[in-house]
Novice: 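The structure under discussion is supplied below as structure tokens; questions concerning it will follow.
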Amino acid sequence: MPDSYAIDADWNALYVDGEWAAAESDETLAVEDPSTREQVATVPAAVEADVDAAYEAAAEAQSEWAAAPPARREAVIQDAIEALQSHSDDITDLLAHEAGGSQIMGETSVQIATDQAGEAATLPRQTKGDHAASNVPGKEHIVKREPQGVVTVISPWNFPLNLSMRAVAPALATGNAVVLKPATNTPITGGLLFAKLFEDAGLPAGLLNVVTGRGSAIGDRVAGHPESDVVAFTGSTEIGRHVAATAGENLAEQSMELGGNNAHVVTADADVERAIDSATFGSFVHQGQVCISINRHVVHEDVYDEYVAALVDRAESLAVGSAHEADTVVGPIIDESQRDEMLDYVERTVDAGATLETGGETLDYDGVDDSLVVEPTVLSDVTNDMPAACNEHFGPIAPVVPFSDIDEAVAIANDTEYGLAGSVHAGDLGTGMDIADRMETGQVHINDQPINDEAHVTFSGTEASGVGGYNDGAILEQLTETKWISLQREPREYPF
Ligand code: NAP
């Protein structure tokens, strides 16, 4: 087992049935630090037999856990929070090494994970059923709320700690067992770290199982395992559709949180300074690799030039470089293929007629060859059909699209297959509300930017951004099912 929470601990083991064990195959996956481009850890590449063992352990352990008193489940989650807090510096460091997360990203991740687990700790006491009278004489109805059974969690690499925590902690809190498959780029902070946290918290064996391995190799077995009752997936729409179909074959419940192409609308009467503060954070935090970051700036023509100039100034003022530098705001993109895709979007958008105002290049630093750091990039004269605007770019790119009236702004914002998040800056709050109402997304923030996530408020997307929801009551619904029991207290009269 890993002897610490540090990146140089031995993470080369799966966690199945409460044991740290080698995978059935000797194959491993290398974890590369996106800042230094060096290998910093090795984890096992699980095969189907490892996946089967994980589900077997989960199914075996689950019923006893479901019967545990709510206070016992709550206490384990609280102890996991304590472990998280007491190792917060190590975990921030792990996020820098594995995900290229800046200090801001790492600290925010720990704080949000604490909030997510704190909210989950309230679920054992909130899990309540219902009672109803009957139209049949002498009968009464009891509706119990029970855990689903085994919950599959598949998470992406961009905010691995939070996107695993938001499913793992509520699943365990509500009496389920979990099989967790993290992304290949972040197998520790999205996966093996959870095994360590919950092991330290005293979670009984079998309730949390972590299998690291490529989605292309074990994903179908994970998503379609016969023992899986819920598939909680966060990732791209393309993979999500495939996972949903696989889980659907098995009639498992699905929670699919997928991609986004989020608009930041700025009206003619908006406070441009405030809109730019929002825009800078919403476009560039964690290098724009946030599902709810600003993908498109949709700005009224009267303030367009002022907005573009101010955004360029702010983009150029940001500290850019290695995630290991304390003041870095914009660190590296997760890997080479993602970086190349970002640069390609920029190049093709310029070819299509946009103006590159700043950025658009990688930044070399401290002897790192072939750096993954992409400079904060602002593109003007963009139309909504250009590559950086019509695709979900997942990088520090700010395409600015002009509009002339509110109907056009709403049409541009909604001209995407996605419906995840958005934001509006408007001087008149009524206009802001009107635009927010008309944006076809699961979440809109007025006079702010779209990156908001609070564990007590429902988080969901619509259209190609997913089905189901996280946080609050939404996750409780998803991870539990109802069971109707009726009680016939006196002999019933049947018609024959
Ligand atoms: P991804 O490529 O879709 O991968 C997500 C997860 O699915 C990874 O663990 C991946 O494993 C796994 N996977 C791949 N193929 C699979 C298969 N056939 N069966 C089962 N699992 C499979 O997404 P990503 O690139 O990691 O993350 C970025 C995407 O996530 C963006 O589109 C972003 O918008 C979205 N996202 C959405 C939300 C939200 O709340 N709506 C939040 C964050 C991110 P491997 O890594 O091994 O391939």
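Just so you know, residue 1 is the first one in the sequence shown, and it goes up from there. As the structure lists them, so they are numbered: ligands from 1, and atoms in each ligand from 1.
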Novice: What atoms in ligand 1 come closer than 4.0 Å to a heavy atom of T184?
Specialist: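 In order of number, 45 (P), 46 (O), 47 (O).
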
Novice: Starting from atom 23 (O) of ligand 1, what is the nearest protein heavy atom, named by residue and atom, and what distance separates them?
Specialist: S236 N, 3.4 Å

Novice: Of all the heavy-atom pairs spanning A223 and V231, show the shortest one and how long it is.
Specialist: O-CG2, 3.5 Å

Novice: Check each atom of ligand 1 against the heavy atoms of G213 and keep those under 4.0 Å away; list them by number with element.
Specialist: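 Here the atoms of ligand 1 in question are 47 (O).
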
Novice: Do W11 and K196 pass the side chain to side chain contact (heavy atoms under 4.5 Å, CB included) test, and can you show the C-alpha distance, the side-chain angles, and the key distance before you say yes or no?
Specialist: CA-CA 10 Å; W11 295 100; K196 188 131 180 68; 4.2 Å; yes

Novice: Quick check: does W157 get an N/O under 3.5 Å from an N/O on ligand 1?
Specialist: yes

Novice: One pair to check against side chain to side chain contact (heavy atoms under 4.5 Å, CB included): M105 and V285. What are the steps and the verdict?
Specialist: CA-CA 8 Å; M105 181 274 191; V285 71; 5.9 Å; no

Novice: Just to verify, which of R314, R296, H297 counts as forming a side chain to side chain donor-acceptor pair (under 3.5 Å) with S283?
Specialist: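 Between S283 and the candidates, side chain to side chain donor-acceptor pair (under 3.5 Å) is satisfied uniquely by H297.
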
Novice: With a cut-off of 4.0 Å, which atoms of ligand 1 are near a heavy atom of R166?
Specialist: 39 (C), 40 (O)

Novice: With F394 as reference, evaluate W157, F159, Y345 under the ring-ring contact (aromatic ring centres under 6.0 Å, His included) test and give the passing residue.
Specialist: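 Looking at W157, F159, Y345, the match for F394 under the ring-ring contact (aromatic ring centres under 6.0 Å, His included) is W157.
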
Novice: Could you list which atoms of ligand 1 come closer than 4.0 Å to a heavy atom of G259?
Specialist: 32 (O), 34 (O)

Novice: Any protein heavy atom at under 4.0 Å, with atom 4 (O) of ligand 1 as the reference point?
Specialist: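 No, there is no protein heavy atom closer to it than 4.0 Å.
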
Novice: Under 3.5 Å between any N/O of T237 and any N/O of ligand 1: does that happen in this structure?
Specialist: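 No.
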
Novice: Is there a heavy atom in F233 that sits closer than 4.0 Å to ligand 1?
Specialist: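 In this structure, F233 qualifies as a contact of ligand 1 - some heavy atom is under 4.0 Å.
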
Novice: What are the atoms of ligand 1, with element, lying closer than 4.0 Å to any heavy atom of L163?
Specialist: 42 (C), 43 (C)

Novice: Is R241 in contact with ligand 1, taking contact as a heavy-atom separation below 4.0 Å?
Specialist: no

Novice: Around E341, counting heavy atoms of other residues, nucleotides and ligands shown, do more than 12 lie under 6.0 Å from its CD?
Specialist: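 Counting neighbours around CD of E341, more than 12 heavy atoms of other residues, nucleotides or ligands fall under 6.0 Å, so yes.
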
Novice: What are the atoms of ligand 1, with element, lying closer than 4.0 Å to any heavy atom of V243?
Specialist: 19 (N), 20 (C), 21 (N)

Novice: Look up atom CD1 in I446 and atom CG in D437, then write down how far apart they are to the nearest 0.5 Å.
Specialist: 7.5 Å

Novice: Looking at atom 34 (O) of ligand 1, what's its closest protein heavy atom, distance included?
Specialist: E392 OE2, 2.4 Å

Novice: Is ligand 1 less than 4.0 angstrom away from at least one heavy atom of G466?
Specialist: no

Novice: What protein heavy atom is closest to atom 12 (C) of ligand 1, reported as residue, atom name and distance in Å?
Specialist: I154 CG2, 3.7 Å

Novice: Go through the steps to decide whether Y470 and N162 satisfy the test side-chain hydrogen bond (donor to acceptor under 3.5 Å, both in side chains), and finish with yes or no.
Specialist: CA-CA 11 Å; Y470 279 96; N162 303 118; over 6 Å; no

Novice: Show me which atoms of ligand 1 lie under 4.0 Å from any heavy atom of P182.
Specialist: 9 (O)

Novice: Are L192 and T212 packed together at the side-chain level, in the sense that at least one heavy-atom pair is separated by less than 4.5 angstrom?
Specialist: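 Yes. Closest side-chain heavy atoms under 4.5 Å.
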
Novice: List the steps, then state whether side-chain hydrogen bond (donor to acceptor under 3.5 Å, both in side chains) holds for T480 with R145.
Specialist: CA-CA 6 Å; T480 56; R145 188 162 282 283; 2.7 Å; yes

Novice: Parallel under 30°, tilted from 30 to 60°, perpendicular over 60°: which one fits the rings of H425 and H264?
Specialist: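 Answer is perpendicular, since the angle exceeds 60°.
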
Novice: Flag yes if more than 12 heavy atoms outside R214 fall under 6.0 Å of its CZ atom; otherwise flag no.
Specialist: no

Novice: Looking only at distance, does G215 have an N or O less than 3.5 Å from an N or O of ligand 1?
Specialist: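 Between G215 and ligand 1, an N or O pair is found under 3.5 Å apart.
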
Novice: Purely on distance, is any nitrogen or oxygen of N158 under 3.5 Å from one on ligand 1?
Specialist: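 N/O-N/O distance under 3.5 Å: no.
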
Novice: If you measure only the distance, is there a donor-acceptor pair under 3.5 Å linking the side chains of T462 and E440?
Specialist: no

Novice: Does ligand 1 have a heavy atom under 4.0 Å from the side chain of F394, from its backbone, from both, or from neither?
Specialist: side chain

Novice: If you count the atoms of ligand 1 from 1 in the order shown, which ones are under 4.0 Å from a heavy atom of L420?
Specialist: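 Reading through ligand 1 atom by atom, the close ones are 41 (N).
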
Novice: Compute the shortest N/O to N/O distance between L258 and ligand 1 and return yes if it is under 3.5 Å, no if not.
Specialist: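 By distance alone, the answer is yes.
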
Novice: Hey, are D370 and R339 close enough for a salt bridge, meaning a charged N less than 4.0 Å from a carboxylate O?
Specialist: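 Between R339 and D370 there is a salt bridge, with a charged N closer than 4.0 Å to a carboxylate O.
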
Novice: In terms of ring plane angle, is the pair Y55 and H225 parallel, tilted or perpendicular, where the classes change at 30° and 60°?
Specialist: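 Plane angle under 30°, so parallel.
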
Novice: Any heavy atom of F459 closer to ligand 1 than 4.0 angstrom?
Specialist: yes

Novice: With nothing but distance in play, are any N or O atoms of S155 less than 3.5 Å from an N or O of ligand 1?
Specialist: yes

Novice: Quick test of your reading of the structure: of D335, I239, D453, whose heavy atom lies closest to atom 14 (C) of ligand 1?
Specialist: I239

Novice: For atom 42 (C) of ligand 1, what is the nearest protein heavy atom, given as residue, atom name and distance?
Specialist: C291 SG, 2.8 Å

Novice: Take V374 and I397 through the side chain to side chain contact (heavy atoms under 4.5 Å, CB included) test and state the conclusion after the steps.
Specialist: CA-CA 9 Å; V374 172; I397 305 173; 5.6 Å; no

Novice: Give me the residue, atom name and distance of the protein heavy atom closest to atom 35 (C) of ligand 1.
Specialist: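 Protein heavy atom with the smallest distance to atom 35 (C) of ligand 1: G235 O, 3.1 Å.
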
Novice: Between E238 and ligand 1, find which residue part has any heavy-atom pair under 4.0 Å and reply side chain, backbone, both or neither.
Specialist: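 Near ligand 1, E238 shows nothing, with every heavy atom at 4.0 Å or more.
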
Novice: What residue and atom, counting heavy atoms only, is the protein's closest point to atom 27 (O) of ligand 1, and at what distance?
Specialist: P156 CB, 3.2 Å

Novice: Check if G190 has a non-hydrogen atom at a distance under 4.0 Å from any atom of ligand 1.
Specialist: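 Contact check G190 vs ligand 1: negative.
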
Novice: Picking from N250, T152, T246, what satisfies side chain to side chain donor-acceptor pair (under 3.5 Å) with S228?
Specialist: T152

Novice: Would K181 count as a polar contact of ligand 1, with the cut-off being nitrogen or oxygen pairs under 3.5 Å?
Specialist: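 N/O-N/O distance below 3.5 Å exists for this pair.
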
